[in-house]
Amino acid sequence: QVQLVESGGGLVQTGGSLRLSCVVSGRTFRAYAMGWFRQAPGKTREFVAGITPNGDTTLYTDSVKGRFTISRDNAKNTVYLQMNSLRPEDTADYYCGADRFIVPRQAPAAYDYWGQGTQVTVSS
């Protein structure tokens, strides 16, 4: 069984930074592409960033390019999302997902496992 646990969310002012972490249990972490998604109240879950199993390729949605950075440490079974220059529209619950595929996909339905989410609130 694979379990994902996110942390690092919180309340921050516009322009501030947060770093989210997602720790994955199990020995197969390096076999998964990983993705970060977010879901604001009343909206569907949307792709934010993804990273290949070995970390050599990353993918971002346009609205976070240049502000967010996804990375992973396979020795620690952890994927990170560094979020800089935060905006009120970044406010959402953030989820990490594990995708048993060679590249991170953008459709939530493609992901095999999910964490419980961590809340990010950006005040104006």
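Side-chain contact check for Met34 versus Leu4: some heavy-atom pair is nearer than 4.5 Å. Side-chain contact between Val120 and Met83 is present, with heavy atoms from C-beta onward closer than 4.5 Å. Put simply, the side chain of Ser17 reaches to within 4.5 Å of the side chain of Asn84, judged on heavy atoms. At least one side-chain heavy atom of Asp112 sits under 4.5 Å from a side-chain heavy atom of Tyr32.
Under the 4.5 Å side-chain contact rule for hydrophobic residues, Tyr80 and Tyr60 do not share a cluster. Both Tyr113 and Val48 are part of a single hydrophobic cluster, where members link through side-chain heavy atoms under 4.5 Å apart. Following chains of ILVMFWY side-chain contacts shorter than 4.5 Å, one cannot reach Tyr94 starting from Val23, and the two form parts of different hydrophobic clusters. The hydrophobic cluster containing Leu18 does not contain Tyr95, counting ILVMFWY residues as joined when their side-chain heavy atoms lie under 4.5 angstrom apart, directly or transitively. The same ILVMFWY cluster, assembled from side-chain heavy atoms under 4.5 Å apart, contains both Ile70 and Phe68.
Closest heavy-atom contact between Arg67 and Ser63: NH2-O, 2.9 Å. Between Phe29 and Asn74, the closest heavy-atom pair is CE2-OD1, 3.0 Å. Nearest heavy atom pair, residue Ser21 against residue Thr78, reads CB-CG2, 4.3 Å. Annotation for Ala40 and Thr91: closest pair CB-O, 3.9 Å, computed over non-hydrogen atoms. When all heavy atoms of Ala33 and Pro53 are compared, the pair lying nearest together is N-CG, 3.7 Å.
In this structure, OG on Ser123 lies 5.0 Å from CD on Gln13, to the nearest 0.5 angstrom. To the nearest 0.5 Å, atom CD1 of residue Ile51 and atom CG of residue Asp99 are 13.5 Å apart. Note that the CZ atom of Arg87 and the OG atom of Ser124 stand 14.0 Å from one another [nearest 0.5 Å]. The line from CD of Gln116 to CG of Asp93 is 10.0 Å long, rounded to the nearest 0.5 Å. Residue Thr61 holds its OG1 atom at 7.0 Å from CZ of Arg38, rounded to the nearest 0.5 Å. The OG1 atom of Thr121 sits 10.5 Å away from atom CG of Leu86, with the distance rounded to the nearest 0.5 Å.
Thr57 places no side-chain N or O within 3.5 Å of a backbone atom of Thr52 that could act as its donor or acceptor partner. Between the side chain of Glu6 and the backbone N or O of Leu20 there is no donor-acceptor pair closer than 3.5 Å.
Residues passing the ring pair (Phe, Tyr, Trp, His ring centres under 6.0 Å) test with Phe37 are Phe47, Tyr111, Trp114, sequence neighbours excluded.
Between Asp62 and Lys65 there is a salt bridge, since at least one side-chain N of the basic residue sits less than 4.0 Å from a carboxylate O of the acidic one.
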